[in-house]
Amino acid sequence: EERDLYSINTEPKFGIGQRAFLIRPDKGNILWDCVALVDDATIARVTELGGIAEIAISHPHYYTSMVEWSRAFGGAPIHLHEAERPWVMRPDASIHFWTTQTHELRAGLKLVSTGGHFAGYQVLHWPSGAGGRGALMAGDQPQICMDPKQVSFMYSYPNYIPLNGTQIRHIMECLDPLAYDRVYGAFFVRGKGIVPTKGKEVVRRSADRYLRAIQT
């Protein structure tokens, strides 16, 4: 996708078709989000790229085979927010729950709990991404739209249930301190699923538009 960033995709598409990302900082790789399939070819390729030192997943829809991913790479710790503990159907020693607003990973990467789509929803801030301008690994909140100059926010995507204004404002309060120029989403949208530049501006403008649209 860019220097030190690889996407992991299953073809043909399986389930809801999300992708995962392998981020390669200097001090050990991080798997962001998760796909269900963990086959020998994928393990071999990820091993070639330096393996996995830590795993973090945005929300329960992508927990899938996270324990298998951890075990395939030496029991790599899985970082989830404490609010999502009830959604973990397969407890494992590799799963580490955190409770604060932010949680530091290696090489300056940071998890930020925003709530919204799930109570413990988390995004990953990658300061070195986008050529040092910063990247937001968003999962599906903010969700990149068909027009990559827009993002949106939903409580339930298949049921078209939007988040309310209080939740949107809280999400923006969590994201505003972060410096990022690019946004990576969980899905390919017209072949990409990326806000390539001015990502923070796009998120702010989209949130303002969203709030205007739901005002009564």
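Heads up: numbering here begins at 1 and tracks the sequence.
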Specify the closest pair of heavy atoms between Gln143 and Tyr157, including all atoms of both residues, with the distance to one decimal. CB-OH, 3.3 Å
Report, as yes or no, whether the 6.0 Å neighbourhood of atom CZ on Arg90 holds more than 12 heavy atoms from other residues, nucleotides or ligands. yes
Is a side-chain N or O of Ser70 found less than 3.5 angstrom from the main chain of Ala76, in a donor-acceptor match? yes
Check whether Leu5 and Leu124 end up in the same hydrophobic cluster, where Ile, Leu, Val, Met, Phe, Trp and Tyr are linked by side-chain heavy atoms less than 4.5 Å apart. yes
How many angstroms lie between atom CZ of Arg212 and atom CD1 of Ile214, to the nearest 0.5 angstrom? 11.5 Å
Any side-chain to backbone donor/acceptor pair from Tyr180 onto Lys198? Under 3.5 Å, distance only. no
Smallest heavy-atom separation, Pro77 atom then Ala53 atom, equals CD-O, 3.2 Å
Give a yes or no on whether the backbone of Gln150 and the side-chain of Asp147 come within a donor-acceptor separation of less than 3.5 Å. no
Using 30° and 60° as the class limits, which term best fits the ring planes of His96 and His79: parallel, tilted or perpendicular? tilted
Backbone N or O of Gly185 within a donor-acceptor pair of the Arg19 side chain at under 3.5 Å? yes
Residue pair Asp4 / Ile23, side-chain heavy-atom distance below 4.5 Å: no
Those residues at least two apart in sequence (or on a different chain) that pass side-chain contact (heavy atoms from CB on, under 4.5 Å) with Asp26 are none
Go through it in stages, so that I can follow the logic: the residues are Ile16 and Tyr62, the test is side chain to side chain contact (heavy atoms under 4.5 Å, CB included), and I'd like the CA-CA distance, side-chain angles, deciding distance and then a yes or no. CA-CA 9 Å; Ile16 60 176; Tyr62 305 153; 3.6 Å; yes
Answer yes or no: is there a donor N or O on one side and an acceptor on the other, between the side chain of His81 and the main chain of Phe97, under 3.5 Å? no
Decide, yes or no, whether a salt bridge links Glu68 with Arg71 under the criterion of side-chain N to carboxylate O below 4.0 Å. no
Please list, one pair per line, the donor and acceptor atoms closer than 3.5 Å that link side chains of residues 34-47 to other protein atoms, with sequence neighbours excluded.
{"unit_1": "Asp39", "atom_1": "OD1", "unit_2": "Thr42", "atom_2": "N", "d": "2.9"}
{"unit_1": "Asp39", "atom_1": "OD1", "unit_2": "Thr42", "atom_2": "OG1", "d": "2.5"}
{"unit_1": "Arg45", "atom_1": "NH1", "unit_2": "Glu48", "atom_2": "OE1", "d": "3.0"}
{"unit_1": "Thr47", "atom_1": "OG1", "unit_2": "Ile43", "atom_2": "O", "d": "2.7"}

Is there side-chain contact between Val183 and Lys200, with heavy atoms separated by less than 4.5 Å? no
Hey, is the main chain of Ala135 close enough, under 3.5 Å, to the side chain of Arg182 for a donor-acceptor pair? no
Does His170 reach the side chain of Glu173, with side-chain heavy atoms less than 4.5 Å apart? yes
d(Leu109 CG, Glu104 CD) to nearest 0.5 Å is 9.0 Å
To the closest 0.5 Å, what do you measure between CD (Glu201) and CG (Asp181)? 9.5 Å
Determine whether Val203 and Tyr155 fall in the same hydrophobic cluster, where Ile, Leu, Val, Met, Phe, Trp and Tyr are linked whenever their side-chain heavy atoms lie under 4.5 Å apart. yes
Calculate, to the nearest 0.5 Å, the distance between atoms CD1 and CG belonging to Ile8 and Leu49 respectively. 8.5 Å
Using the rule given for side chain to side chain contact (heavy atoms under 4.5 Å, CB included), can you reason through Asn9 versus Phe188, listing the C-alpha separation, both sets of side-chain angles and the distance that settles it, and then say yes or no? CA-CA 10 Å; Asn9 307 272; Phe188 283 105; 2.8 Å; yes
Leu31 reachable from Val88 in the ILVMFWY side-chain graph, under 4.5 Å edges: yes
Do Leu178 and Trp98 share a hydrophobic cluster (ILVMFWY, side-chain heavy atoms under 4.5 Å, transitive)? no
Measuring from atom NZ of Lys149 to atom OG of Ser206, what distance do you get when rounded to the nearest 0.5 angstrom? 10.5 Å
Between Asp176 and Arg204, does at least one N-O distance fall below 4.0 Å, as a salt bridge requires? yes
Main-chain N/O of Pro25 paired to Arg106 side chain as donor or acceptor, under 3.5 Å: no
Looking at Ile144 and Gly193, what are the two nearest heavy atoms and their distance? CD1-O, 3.1 Å
If you look at every heavy atom in Tyr121 and Asp140, which pair is closest and at what distance? OH-N, 2.8 Å
Assess the residue pair Thr114 and Phe153 against the criterion (side chain to side chain contact (heavy atoms under 4.5 Å, CB included)); give the C-alpha distance rounded to whole Å, side-chain angles, the decisive distance to 0.1 Å, and a yes or no. CA-CA 12 Å; Thr114 66; Phe153 309 82; over 6 Å; no
Checking Lys192, Glu2, Glu1 against Tyr184 for side-chain hydrogen bond (donor to acceptor under 3.5 Å, both in side chains), the one that qualifies is Glu2
Considering all heavy atoms, the nearest Tyr63-Glu84 contact: OH-CB, 3.0 Å
Show every side chain to side chain donor-acceptor pair (under 3.5 Å) that has at least one partner inside residues 27-37, sequence neighbours left out. Asp33-Ser58
Out of curiosity, Ile95 CD1 to Met66 CE, how far, rounded to the nearest 0.5 Å? 3.5 Å
Nearest heavy atoms of Val195 and Pro148, plus distance in Å: CG2-O, 3.3 Å
Between the side chain of Gln141 and the main-chain N/O of Gly115, is any donor-acceptor distance below 3.5 Å? yes
Any donor and acceptor pair, going by atom type alone, linking the side chain of Gln101 with main-chain N or O of Ser113 inside 3.5 Å? yes
Look at the side-chain heavy atoms of Ile, Leu, Val, Met, Phe, Trp and Tyr, link any pair under 4.5 Å apart, and say whether Ile55 and Phe21 land in one connected group. no
Applying side chain to side chain contact (heavy atoms under 4.5 Å, CB included), run through Arg169 and Thr166 and close with a yes or a no. CA-CA 5 Å; Arg169 284 185 283 271; Thr166 299; 4.2 Å; yes
Please verify the inter-ring angle class for Phe118 with His59; under 30° counts as parallel, over 60° as perpendicular, anything in between as tilted. tilted
